[in-house]
Amino acid sequence: MRMPIKKIVILFIIIVLLVFYYLYLEENLGKKELIASIINVIWGITIFTVIIVLIMENRSPSKTLAWILLLVFLPIVGFIMYLIFGRNFRKKKIYAHKEYSDYEKLRKIDEINLDHPYNTTAESMKEPAIALITKLLENNNKAFLTYKNRLDVYTDGEQAINAIFEAIEGAKESVHLEFFIIKSDETGEKLKDLLLKKAAEKVQVRLLYDSVGSWNISGKYIRLLEKGGIKTAGFTPVDFPFISSKWNYRNHRKITIVDGKTGFLGGINIADRYMHKDKYYGFWRDTQLKIEGEAVHSLQAIFNNDWSFTTGENLLNDNYFREQHIDDTNPVQIITSGPDSDWESIMQGYFAMITLATTEINIVTPYLILNESMLTAIKVSALSGVRVRLIVPCKPDHHLVFWAARSYFQELMETGVEIYEYQNGFIHSKYITVDGIFSSIGSANMDIRSFLHNLEVNAFLFSKELTNRLNYVFEEDLQNSTKIKLEEYMKRNYLNRAKESFNRLFSPLL
């Protein structure tokens, strides 16, 4: 690959400056001092160059300043963290070729939907807010609105995993799985045995897992799957995690597709903790969506794209895009976001939902790290008289994120936002409902990492029936939650305040 002329010129200037500096110092310093001086100059130039790059990338001022402060006051730590977390892959288009290879096929499906008797002229789709959001998601994510879908929601990890296993048990042709975490524990072993059984029945099985999220999965586990005829792949392996920027861009999606007809997405991975078998977490509250119908085509296209990017194998096959025969009408758009997309599509979808709300917003998220746009949107909605309720965990699973999240509580509550802490174990659900007319379920948390760095997938649902079901679930979650009172929260001790402020300061770097 040819080096750009600008880089050659910059490199030449640096070399010339170093040569002159060496000649100057050689006459005045001993050998050791000379070497030390040259090392210091090279190190200074490196840090200065990184700072210039950060400024020229035009990131948010808070994020840029946070990086600059870290590089200036802790240069070695800051430089290593920049190598791992700092580089902007979306800006650099590293994942630019990771586009929907199945776009044309989905476009043809969409053309069919244009003649659908339940298109956007249907009564259920006449809400102005819905028209705006669906158009936004179509433009920022090439996401087609599908109509004929049957939907079901699981609010218990054990029930959801059993439903996934049951669907796999009934597979006749193909099983495609994509998870952030797969552990070689009891739940993981059950999945392995089931997949080996289906592969022996000549069902095509493919398993895509994140190489960092599934860091502890055993080599033996993978070898047994592959020996049994199952195709596996780890998303962007990190050979040297402490100096590799791949560490920062992870596949956080959780997708199951069976025979191209039944799909699952949400927050659930494959591990015992999701089955309530972890002593620390106890009951694990999560939310998973089951889809039968046209929206499964979109899920299949996402899996195809991720699989092709990881393995090079193209799965553009009619067998995976079978015609659906579903009579239920539940409009759905499947949205992805991450370094493989031009826009922060899910964040923009959330932003639109929140700013278009007129009566009520209900949000459940395990991690709350808000950028300025989302923070302002929530505060403005609350100040405008919209009832905003938020449920978060009462116990941490990641201490930095837990304390950073709490730094937002006071300013949110001061605008009227109601914040509740879930007490019955750990809540890992990621869903939002607005005005009882539209909602979203998926893998994306309400945090900067999900908005910018992770590969995520969410279903945006324009079904009043499903949204009302989620509102009922939200009320049940409230029964297991304790409301934080502003007056009492303002009396928290200074140590906790310091934890909140310190972790929030570095949250833009996450």
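No hydrogens, no waters, no symmetry mates; every other heavy atom, side chains included, goes into these values.
- The line from NZ of K430 to CD of Q288 is 10.5 Å long, rounded to the nearest 0.5 Å.
- Between Y320 and H176 the shortest side-chain heavy-atom distance falls below 4.5 Å.
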> Do F303 and L299 pass the side-chain contact (heavy atoms from CB on, under 4.5 Å) test, and can you show the C-alpha distance, the side-chain angles, and the key distance before you say yes or no?
Replying inline: CA-CA 6 Å; F303 179 86; L299 273 183; over 6 Å; no
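- The distance from atom CE of M374 to atom OG1 of T376, rounded to the nearest 0.5 Å, is 10.0 Å.
- A donor and an acceptor atom, one from each side chain of S443 and E456, are located under 3.5 Å apart.
- Under a 4.0 Å N-O distance rule, the pair K198/E201 qualifies as a salt bridge.
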> Is there a ring pair (Phe, Tyr, Trp, His ring centres under 6.0 Å) between F235 and F180 once you walk through the steps?
Replying inline: CA-CA 9 Å; F235 185 85; F180 178 60; over 10 Å; no
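- Counting heavy atoms of neighbouring residues, nucleotides and ligands inside a 6.0 Å radius, atom NZ of K190 does not exceed 12 of them.
- The main-chain N or O of N305 is never found under 3.5 Å from a side-chain atom of S308 such that the two would form a donor-acceptor pair.
- Counted within 6.0 Å of OH on Y472, heavy atoms from surrounding residues, nucleotides or ligands total 12 or fewer; the atom is thus considered open.
- A donor atom on one side chain and an acceptor atom on the other are found under 3.5 Å apart for T236 and R250.
- Here E226 does not pair with R223 in a salt bridge; the nearest charged N to carboxylate O distance is not below 4.0 Å.
- In this structure, N140 and W343 approach most closely via the heavy-atom pair O-CD1, 3.6 Å.
- The closest donor-acceptor contact from the side chain of N362 to the backbone of R389 lies at 3.5 Å or more, if one exists at all.
- D185 places a side-chain N or O within donor-acceptor distance of the main-chain N or O of D272, the cut-off being under 3.5 Å.
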> When you look at E189 and K192, which way does the salt bridge (charged side-chain N to carboxylate O under 4.0 Å, His left out) test go after all the steps?
Replying inline: CA-CA 5 Å; E189 288 295 317; K192 182 194 70 178; 2.7 Å; yes
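- V473 has its side chain within reach of R285: a pair of non-hydrogen atoms, C-beta onward, lies under 4.5 Å apart.
- Figure legend: K499 and F402 shown without cation-pi pairing, the cationic atom not lying both under 6.0 angstrom from the six-membered ring centre and within 45 degrees of its axis.
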> Stepwise, does the side chain to side chain donor-acceptor pair (under 3.5 Å) test hold for D397 with Y367?
Replying inline: CA-CA 10 Å; D397 66 333; Y367 314 121; 2.6 Å; yes
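- For OH of Y280, the number of neighbouring non-hydrogen atoms (other residues, nucleotides, ligands) closer than 6.0 Å is greater than 12.
- When every heavy atom of C394 is checked against every heavy atom of E421, the shortest pair comes out as CB-CB, 3.8 Å.
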>> If you apply the rule ring pair (Phe, Tyr, Trp, His ring centres under 6.0 Å), what do you find for H428 with Y281, and how did you get there?
In response: CA-CA 11 Å; H428 191 251; Y281 297 109; 9.0 Å; no
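- R492 places a side-chain N or O within 3.5 Å of a backbone atom of Y489 that can act as its donor or acceptor partner.
- With contacts defined as side-chain heavy-atom distances shorter than 4.5 Å, the pair I361/I432 qualifies.
- Checked by atom type and distance alone, the side chain of S463 pairs as donor or acceptor with a backbone atom of L466 at under 3.5 Å.
- Counting heavy atoms from C-beta outward, R449 and H252 have side chains that stay 4.5 Å or more apart.
- In this structure, T365 and D447 have side chains that are not in contact, with every pair of non-hydrogen atoms separated by 4.5 Å or more.
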>> side-chain contact (heavy atoms from CB on, under 4.5 Å) for L375 and E411? Distances and angles first, verdict last.
In response: CA-CA 9 Å; L375 180 61; E411 60 182 307; 3.6 Å; yes
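- The structure places CG of N149 at 10.0 Å from NE2 of H297, a figure rounded to the nearest 0.5 Å.
- Between N304 and Q300 the shortest side-chain heavy-atom distance falls below 4.5 Å.
- Taking every heavy atom of both residues into account, V203 and A171 meet most closely at CG2-O, 3.7 Å.
- By the 4.0 Å N-to-carboxylate-O rule, R469 lies close enough to D152 to be salt-bridged with it.
- Annotation for Y408 and L370: closest pair OH-O, 3.0 Å, computed over non-hydrogen atoms.
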>> Please determine whether side-chain contact (heavy atoms from CB on, under 4.5 Å) holds for the pair I326 and E294, giving the CA-CA distance in whole Å, both sets of side-chain angles, and the decisive distance to 0.1 Å.
In response: CA-CA 8 Å; I326 300 295; E294 297 167 343; over 6 Å; no
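- A side-chain hydrogen bond (donor to acceptor under 3.5 Å, both in side chains) check over residues 153-166, counting only residues at least two apart or in different chains, returns the pairs D156-H276.
- One distance of note links CD1 of I230 with CD of Q204; it measures 12.5 Å at 0.5 Å rounding.
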>> Set out, in order, the CA-CA distance, both residues' side-chain angles and the distance that settles side-chain contact (heavy atoms from CB on, under 4.5 Å) for V457 and E178, then state yes or no.
In response: CA-CA 11 Å; V457 59; E178 182 172 341; over 6 Å; no
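- Nearest heavy atoms, N471 versus T433: OD1-OG1, 2.6 Å.
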>> The test is side chain to side chain donor-acceptor pair (under 3.5 Å); show your working for E476 and N480 and say whether it passes.
In response: CA-CA 7 Å; E476 287 187 326; N480 292 303; over 6 Å; no
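- Taking every heavy atom of both residues into account, N269 and I181 meet most closely at OD1-N, 3.0 Å.
- Considering OH of Y420 and CD of Q479, their distance stands at 10.0 Å, rounded to 0.5 Å.
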For a quick test of your reading: what N or O donor-acceptor pairs under 3.5 Å do the side chains of residues 255-265 make, sequence neighbours left out?
| residue | atom | partner | partner atom | Å |
| --- | --- | --- | --- | --- |
| D259 | OD1 | K172 | N | 3.2 |
| D259 | OD1 | E173 | N | 2.7 |
| D259 | OD1 | S174 | N | 3.0 |
| D259 | OD2 | K172 | N | 3.0 |

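- Contact of the T336 side chain with the S345 side chain is not registered, since no non-hydrogen atoms from C-beta on lie closer than 4.5 Å.
- Side-chain contact between L315 and R206 is present, with at least one heavy-atom pair separated by less than 4.5 Å.
- Atom CG of L136 and atom CE of M353 lie 11.5 Å apart (nearest 0.5 Å).
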